[in-house]
Structure formats: structure tokens, C-alpha cells
Student: 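Structure in C-alpha cells, see below.
We count residues from 1, following the sequence as given. Predicted, not measured: the structure shown is a model, and the values here were computed from it.
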Amino acid sequence: TTTTTAADTTTETKTTTTTAVETTAGSEGTVATAEQTTASAAETVKPITWIDFWELETSSPCGDQPQEEWDESKNQTIRNCNTWRYYPDFPYLWNHTNCPDPCITYKCPKFAKCNTLLSTTEDMVIQCTCQLGTVMKSDNSSCIVPPPTTPTPRPIPTLPAATKTVTGAVSRTASTLIIIFLSITIVSFLVFRIFDPHRVIQMCEEISLLCAHLCLFPSAYGSPVPVECRVLAILIHYFFTVCFTFMLLESIHMYSMVASVVKQKGMLSTKQNLVVGWGIPAFVILFNMCFEYENYGAEYHCWLSMDTGLLYGQYVPIVVMVVTSFTLIEAAGASEEYPTLKDCDEVDKKTAQISQRTLLILLPLVFGSFVTGTIAEYEQQVPLYGTFTILNGVVGGAMFFFHITSHPKTRALFTRITSKIFKKKGKEET
């Protein structure tokens, strides 16, 4: 270790005075050297250029340090280097001539950088700072990749008991409305015994949506999550996926008729539609259960846990089907330019054209209801529950009206009934 004398720089006088502060007891030669250094330093002007800074002409070398073995009988003295901040205006400029930067010889661990920014005029502080995203080990021996942090568990959102009761009653009321509308629609077509491929697709949409809302009625959640809650969450996931799958199949059926791809009954037969519509969602659910079974259900609801990987397992397939359905609807918009096939069933084509317009309304409504419902259950927010309730009522009424009016037989019956009702009202008013 080397030592130097303390130096103070004054900008007004533009001179530098150096004074020796520590000497070895009884060493007259060291005192004489310090006096000579002071006399010569007083005549030296403060360095102006960087070359002058690094030459450090105003400083003098420190005396030699004693050996590593400490021997008190020899009256040894260890001198502290006093030129850590030789120039006050440039605190990080080192006096490398008389007090070399310790980082030149100090060896830090791999991926660490040595710095002496915390050093003062009296104390030397050597610090190794890890870089490239690494952190220092607890014993300061090496830089390591930081261990993965444990995420803070999300607090369970809760509603006051009275509010929870009200929101539950409101959401069940909305589910009841959609169940009633869908039940009337299914029964109406069963009475007329209409089972053509297009109607079968729509009927499966209604049945799957009805079953999904039936599964929303029970409150089987708890801590730990009971098996019943997991089963309900799986069923809700399955039935909603079935509903969107059949909406995609309806889009395919619509496009094949409107764009004159086939003459009648759509691209797929009734059995093919049933197998695809109920089979693909089953495969999707089984795939999710293989990896995310423990994430089905939660401590306070039995729907989708949006803070787990199950979110992607539910949303990605549904979003893909919704986007594909809209693409087919848009592609069928230019179908008027296509030549009409010979012996084409005009009734099926007319029904498909009506379906093209109704899907543009029903598809975003059902998707919006699904998204709002999952977020409302997960966040436990009253405004979302209210939105979910309104959307359910609109979906039930819209699906009842559009499906009834899309088929010629039920459309004629609906027109007859509504005309009689309006005639009676007109007579009563007159």
C-alpha cells in the first residue's frame, strides 16, 4: 500500500499546498522530505488539462509501507492513503501515480465489476457489483442467477354478505331468463319436428348454452376446492366451448349455401355436425384437464380462474372459433357475385342468408356474455354482475327471435301470431 500527503486546491489562488500529516516517530529524513515537497508544491499551479491531471505534479509519493508481518517492537506505522479525492471538483479522478486504483489488482468474481465509488479521503471501499442480471451470493463469493421470486398470492375478493346475496339472485334471474327463452325455442321446433342440418346446429347451440347456465346455479365452492366445484367448472367450460363450436359450424353451413358451394343441406351432414360439434370441445377439455385440472374451480367461485394457465386453455380456442366465424360471415358477403348452382334449394339458401345476418348479432352477444361472466365471477364486482345479467337477458331474447324467424315454418307461425296480437290491439284502441 502506498501513501501520499493530503492536498487542498483553492480555485481563487490557483495554487496548491501540500502538507505531510503522518510521519514515522524519530524519522528526521521523512520530515525533511515533506518540507521540501511543501515548498515545491506551493509554486505549482492547479492543473488545467487532463494531461496535467494525470501527471499529478503537485503530489509526492508516500513512504514505503512496512512488511505484512506486524511487529510492535519495531514501532511500525501503517499510513492511510490520503489522495482518494485529490481534486475536489473531480471527486472520481484517481491519483494513479501515488495511490493506484485498487480495482487494477483486486479480482472480483465472474460477471462482477469492481468499483470504488464509495471510497472517501480517509477510507478505501472496494465493491464488486454483479452485472448481466446476476446477483451476489450471500457469502460474496460469486455472482449467481437470481432465484425465482415467489409471487404474492392474490387476495380473495369478497363482497359483503348482503351484496353477494343480491348479485347471486340477479345473476340467477338472468340465467333463468335465458333458460326460459331457449327452452321455448327448443320445444317450438320439437313440436314442428324440424331436424334439418341447419336446425340441428342451432338446436345444439341452444342446448349447450342452456346447460352452461344450469351449471351456474349451484354454489359448491369452498376451501379447499371441493370435487363438485371442479366438476361444475369443467362442465361450464365444456358447454360454452360446444356453443361456440356449433356457431362456427353454422358459419360453415351458411357460407356453403350462400356462396353456392353446395346445392342443399350444407357442407356437412347432420351426423358430421354432431360429431364435430360435441367431439372437438371434449378433446379441448381433456387436453386442459391433463395440465390444469387443479386450477378448475376456486375457493369463492366455480368458473374460470383467470390467474392460471387455464385462462389460455379456455380463451384461445374460443377466440379462434369466433374470429374464424366472423371471417366466414365476411367472406359470404360477396356471394352475390357468385353464379347460382342448378337445382339449388332456394329455401335452404334463404335460411342461410338470414343466418348470415343473425350470426353477426348473436355471436358477439354470446361472446360478450361469456367474457363478462368469467371476469365478474373472478373479480366479484357488482357492475360486471349487472352487465352480465343484462347481456344474458338480451342473448336469450335475441336467440329466441332469430332462431324462430330463420326457418320458414316457424317464421310463418310467428308472423301469424304477431299479426293477430297487433290486430287485437288495433281494434281495442279504436
Student: Drop me the distance from F244's CZ to S325's OG, to the nearest 0.5 angstrom.
Tutor: 9.5 Å
Student: Specify whether H198 and H253 have parallel, tilted or perpendicular ring planes, treating 30° as the upper limit for parallel and 60° as the lower limit for perpendicular.
Tutor: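 Rings of H198 and H253: parallel, as their planes differ by under 30°.
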Student: Got a second to check how far L209's CG is from F246's CZ, nearest 0.5 Å?
Tutor: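 Reported to 0.5 Å precision, the distance equals 13.0 Å.
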Student: Look at the side chain of E379 and the backbone N and O of A376, then say whether any donor-acceptor pair between them is shorter than 3.5 Å.
Tutor: no
Student: With heavy-atom distances below 4.5 Å as the criterion, would you say the side chains of N288 and Q314 are in contact?
Tutor: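 Sidechains of Q314 and N288: no contact.
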Student: With rounding to the nearest 0.5 angstrom, report the CZ to CG distance, F217 to L232.
Tutor: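 It is 12.5 Å, given to the nearest 0.5 Å.
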Student: Any chance the rings of F240 and W303 have centres within less than 6.0 Å?
Tutor: yes
Student: Do we see a donor-acceptor contact under 3.5 Å between the side chains of S355 and E250?
Tutor: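 The criterion, which ignores hydrogens and geometry beyond distance, is satisfied for E250 and S355.
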Student: With a 3.5 Å distance limit and no angle check, can you tell me whether Q202 reaches the backbone of R199 through a side-chain donor-acceptor pair?
Tutor: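 Pair absent, no side-chain N/O of Q202 close to backbone of R199.
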Student: Measure from the side-chain N and O atoms of T387 to the backbone N and O of P383, and report whether any donor-acceptor pair falls under 3.5 Å.
Tutor: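 Between the backbone of P383 and the side chain of T387 there is a qualifying donor-acceptor contact (under 3.5 Å).
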Student: For the pair R230 (side chain) and P226 (backbone), establish whether a donor and an acceptor sit closer than 3.5 Å, ignoring hydrogens and angles.
Tutor: no
Student: Can a side-chain donor-acceptor contact be found between D196 and H407 if the only test is distance below 3.5 angstrom?
Tutor: yes
Student: Does the pair C114/C108 show an SG-SG distance of less than 2.5 angstrom?
Tutor: no
Student: Would you say CZ of F287 has more than 12 non-hydrogen atoms from neighbouring residues, nucleotides or ligands within 6.0 angstrom?
Tutor: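 Incorrect, the count does not exceed 12.
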Student: Distance-only, no hydrogens or angles: does the N140 side chain make a donor-acceptor pair with backbone N or O of M136 under 3.5 Å?
Tutor: no
Student: What is the distance from atom CD of Q131 to atom NZ of K110, rounded to the nearest 0.5 Å?
Tutor: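 Answer for the CD-NZ pair, Q131 versus K110, is 13.5 Å.
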Student: How are the rings of Y315 and F370 set relative to one another: parallel (under 30°), tilted (30 to 60°) or perpendicular (over 60°)?
Tutor: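 Because their plane-to-plane angle lies in the 30° to 60° range, the rings of Y315 and F370 count as tilted.
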Student: Which residues pass the side chain to side chain contact (heavy atoms under 4.5 Å, CB included) test with V316, not counting sequence neighbours?
Tutor: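 Per chain and number, V316 pairs via side chain to side chain contact (heavy atoms under 4.5 Å, CB included) with Y312, V320.
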Student: Which distance, rounded to the nearest 0.5 Å, do you find between the NZ of K349 and the CE of M254?
Tutor: 13.0 Å
Student: What I'd like to find out is whether the side chain of C143 reaches to under 4.5 Å of the side chain of V135, using heavy atoms alone.
Tutor: no
Student: Donor-acceptor check, side chain of S305 to backbone of G297, threshold 3.5 angstrom: yes or no?
Tutor: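 A pair under 3.5 Å: yes.
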Student: So, Y238 side chain and S208 main chain: donor-acceptor pair closer than 3.5 Å or not?
Tutor: no
Student: Is there a donor-acceptor pair under 3.5 Å between the side chain of S175 and the backbone N or O of R172?
Tutor: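 Side chain of S175 to backbone of R172: no pair is present.
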Student: Under 3.5 Å, which donor-acceptor pairs link side chains of residues 392-401 to any protein atom two or more places apart or in another chain?
Tutor:
| from | atom 1 | to | atom 2 | distance (Å) |
| --- | --- | --- | --- | --- |
| N392 | OD1 | S369 | OG | 2.7 |
| N392 | ND2 | F388 | O | 3.3 |

Student: Do L268 and P197 make a side-chain contact, defined as non-hydrogen atoms from C-beta onward lying under 4.5 Å apart?
Tutor: no
Student: Whether the side chain of Y300 engages the backbone of Y378 through a donor-acceptor N/O pair (distance < 3.5 Å, no angle test) should be reported.
Tutor: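 Pair found, side chain donor or acceptor close to backbone of Y378.
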Student: Any side-chain heavy atom of H403 sitting closer than 4.5 Å to one from L362?
Tutor: yes
Student: Quick one: pull up CG in N273 and OG1 in T245 and give me the separation to the nearest 0.5 Å.
Tutor: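 Between atom CG of N273 and atom OG1 of T245 there are 11.5 Å.
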Student: If we only count heavy atoms from C-beta on, is the Y255 to I329 side-chain gap below 4.5 Å?
Tutor: no
